[in-house]
Amino acid sequence: MTTTPAQTSAPTDEVRVRFCPSPTGTPHVGMVRTALFNWAHARHHGGKLVFRIEDTDAARDSEESYHQLLDAMRWLGIDWDEGVEVGGPHGPYRQSERADIYQEVIAKLKDAGHIYESYSTAEEIVERHRAAGRDPQLGYDGYDRDLTEEQKAAFLAEGRHPTWRLRMPDTDLTFTDLVRGEITFKAGTIPDFVVVRANGQPLYTLVNPVDDALMRITHVLRGEDILSSTPRQIALYRALIEIGVAERVPEFGHLPYVMGEGNKKLSKRDPESNLFLYREQGFLPEGMVNYLALLGWGYSADEDIFSREQMVERFDASDVNPNPARVDIKKATAINADHIRRLTEADLAERLVPYLQQGGVLGETVTEEQRTLVVAATPLVQTRMNLLGEAPDLLGFLFTADADLEVQPDALKKLGDDPVGVLERAIQEIDAVPEEDFTAAALEPALRAAIVEDMGIKPRLAFGPLRSAISGRRISPPLFESMELLGKSSSRARLSALRDRLAAEA
RNA sequence: GCCCCCAUCGUCCAGUGGCCUAGGACACCGGCCUUUCACGCCGGCGACACGGGUUCGAAUCCCGUUGGGGGUACCA
């Protein structure tokens, strides 16, 4: 095992970004937004996206969560060039499989004196601050920096096991954040921090930069929550460069928080944070990507709707807005609706099928006839849907047997003075239309002439009863088209059923 | 406590010293279209947190205040 493998030294101008989640819980929107921005940045610059899994916390990590992560990435079309599942020159890409690499780096860091053993307990540190009249909330005080061999031996004899801390430089630490500009942390405000536990295991603080260095990452785009650990990482990078593990300090870009209601960071508890809930409701991956992109970024001054490709064309991390963004389900839904309208009818029909199945409108196996009906019905609902999950409710009546159609109570109200007469007349008109000519184009003028013009009933009241009879709803897809799809006998049966029912009730 | 980040309509995004009487989107309110509901179209409401500077000129630069948020672990 070597820490400087192959050194397939990439061209220095190649952009290499990474997405490195911990597999805990269900993918949430903030995390996915980070993945998306990294991906878009890489694609825009013709670079590479590395997908690494930070599964060093056996207690919280799960294989199920790992698979959900893969599912999420694939659903959204965020592909990666190196990493889990696809491999690459800097593997393995799961931290749980990289223990030997870390031990080797740790050994080098020790040899070079960048990290030193620390025996102080938290209580002792606080005690020393108190004794010296300093703020006890100050962090580690550097007490063990220059322990003599005798002192170390004495601690060891006491049975203490040291942690290892990085020697922080006594200078200001400045870096230029891609989204925030220049940021400086004053010298002396960041204590030497622990990189190796007393049991010899490395911590995230070490492992994350080490992997980024080894994987030759050039741009680190991550959540704002780790902005304040950046100076620590820069100090570590400098040490890694000195021992030949890293080539450079990458550029950093800290993405704004994704907030929930109020001023709280979207938590995993919040339902709107769960990516898969959006999918279940019928968000298109295109709509989701579009909306997610708007959380901190804008495609242009006056366009909000764009494709993945359009995003790639323009995205650059330096254009990201630094303020936190709140999720707005209504806007997300509206954007999704736009994407639904942009789909071809055939594509939309195809995507509707699983939702119709999920809604119980279609069974597990879909017949050719049903599929044809879905395709034919799609144009009737394309501008009436915001979410694919609305399909069962909108189209259910077309797949229901006439006898099973339930007319909703709502659809029985406000039918005018003479709904029975209207239905009766409609049936007569329908009977006069030949089977092969049972089309919306033929039905509409015939029914309009008979009921609106001849009977003198306003269109609204003329067609209301028919709508209720045909769809069972007060609100439905266009009436005549629906009748055409249902066919003559089915339409007639439904019209008769409601006529009979209303006549009986009168 | 100390350190760091953020601050334009209710929300998201645009704006990087004059093109801003601040633009677009969602939401909301009117209207048109119309067989319902949508779509579409037209119109309306609505913001530069506050105070000082710098400048001929500031939403844009600087300082401060206030208000949010994060960090300060042998978590990630």
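Chain identifiers are assigned alphabetically (A, B, ...) following the order of the sequence lines, protein sequences preceding nucleic acid strands; residue numbering begins at 1 within each chain. What you see is a predicted model; the values in this text were computed from it and never measured.
- For Tyr204(A), the listed nucleotide lying nearest its side chain is rA76(B); candidates were rC37(B), rG40(B), rA76(B).
- A heavy-atom distance below 4.5 Å is found between the side chains of Trp297(A) and Arg314(A).
- Among the heavy atoms of the strands lying under 4.0 Å from Leu227(A) are primed sugar atoms or P, OP1, OP2 only; no base atom is included.
- Using a 4.0 Å heavy-atom distance criterion, Asp319(A) is classed as a sugar-phosphate-only contact.
- Which of rC26(B), rU11(B), rU35(B) sits closest to the side chain of Leu479(A) comes down to rU35(B).
- Here the side chain of Asp304(A) is nearest to one of rU36(B), rA25(B), rC6(B), namely rA25(B).
- Nucleic acid contact class of Arg473(A) (heavy atoms, under 4.0 Å, all strands): none.
- Between the side chain of Arg467(A) and the base of rU35(B) there is at least one donor-acceptor pair of N/O atoms closer than 3.5 Å.
- Using a 4.0 Å heavy-atom cutoff across all strands shown, Phe193(A) reaches no nucleic acid atom at all.
- Across all strands shown, Ile226(A) has heavy atoms under 4.0 Å from base atoms, whether or not it also approaches the sugar-phosphate.
- Among the nucleotides rC75(B), rA27(B), rU35(B), the one closest to the side chain of Leu203(A) is rC75(B).
- A donor N or O paired with an acceptor N or O is not found under 3.5 Å between the base of rU34(B) and the side-chain atoms of Arg460(A).
- Of the possible polar contacts, none joining the Tyr257(A) side chain to the Gly30(A) backbone as a donor-acceptor pair under 3.5 Å is found.
- Summarising the local packing, CD of Glu406(A) is surrounded by 12 or fewer heavy atoms from other residues, nucleotides or ligands at distances under 6.0 Å.
- Heavy atoms of Asp177(A) sit nowhere under 4.0 angstrom from any nucleic acid atom.
- Taking every side-chain heavy atom of Asp135(A) into account, rG1(B) is the closest of rG70(B), rG1(B), rA38(B).
- Heavy atoms of Thr184(A) sit under 4.0 angstrom from primed sugar atoms or phosphate atoms, though from no base atom.
- With a 6.0 Å radius and a threshold of 12 heavy atoms from other residues, nucleotides or ligands, Glu124(A) has its CD atom above the threshold.
- Here Ser476(A) lies in heavy-atom contact (under 4.0 Å) with a base.
- Ionic pairing of Arg167(A) and Asp192(A) is not present here: no N-O contact between side-chain nitrogen and carboxylate oxygen is shorter than 4.0 angstrom.
- For Arg94(A) and Asp55(A), the salt-bridge test passes: some basic side-chain N is under 4.0 Å from an acidic carboxylate O.
- Taking side-chain N and O atoms only, Arg197(A) has a distance below 4.0 Å to OP1 or OP2 of rA76(B).
- The base of rC37(B) sits within donor-acceptor range of the side chain of Arg384(A), with an N or O pair under 3.5 Å.
- Within the 4.0 angstrom heavy-atom criterion, no nucleotide atom of any strand lies near Arg134(A).
- The nucleotide whose nearest atom lies closest to any side-chain atom of Phe185(A) is, among rC26(B), rU35(B), rC3(B), rC3(B).
- In this model, the phosphate group of rC39(B) is not approached by any side-chain N or O of Arg341(A) to a distance below 4.0 Å at OP1 or OP2.
- Of the candidate nucleotides rG71(B), rA27(B), rU35(B), rG71(B) has the atom lying nearest to any side-chain atom of Arg232(A).
- One can place CG of Leu415(A) at 15 Å from P of rU36(B), the figure rounded to the nearest angstrom.
- A donor-acceptor contact under 3.5 angstrom links the side-chain atoms of Lys331(A) to the base of rC12(B).
- Pair check for rA49(B) finds rU65(B); Watson-Crick or G-U wobble, both atom distances under 3.5 Å.
- Counting only distance, with no hydrogens or angles, the side chain of Asn336(A) and the backbone of Leu284(A) share a donor-acceptor pair below 3.5 Å.
- Picking from rA76(B), rC74(B), rU36(B) the nucleotide with the shortest atom distance to the side chain of Val194(A) gives rC74(B).
- Remark: C1' of rG70(B) and NE2 of His254(A) are 11 Å apart, rounded to the nearest angstrom.
- The distance from atom CD1 of Ile190(A) to atom C1' of rA73(B) is 15 Å, rounded to the nearest whole Å.
- Heavy atoms of Thr189(A) sit under 4.0 angstrom from primed sugar atoms or phosphate atoms, though from no base atom.
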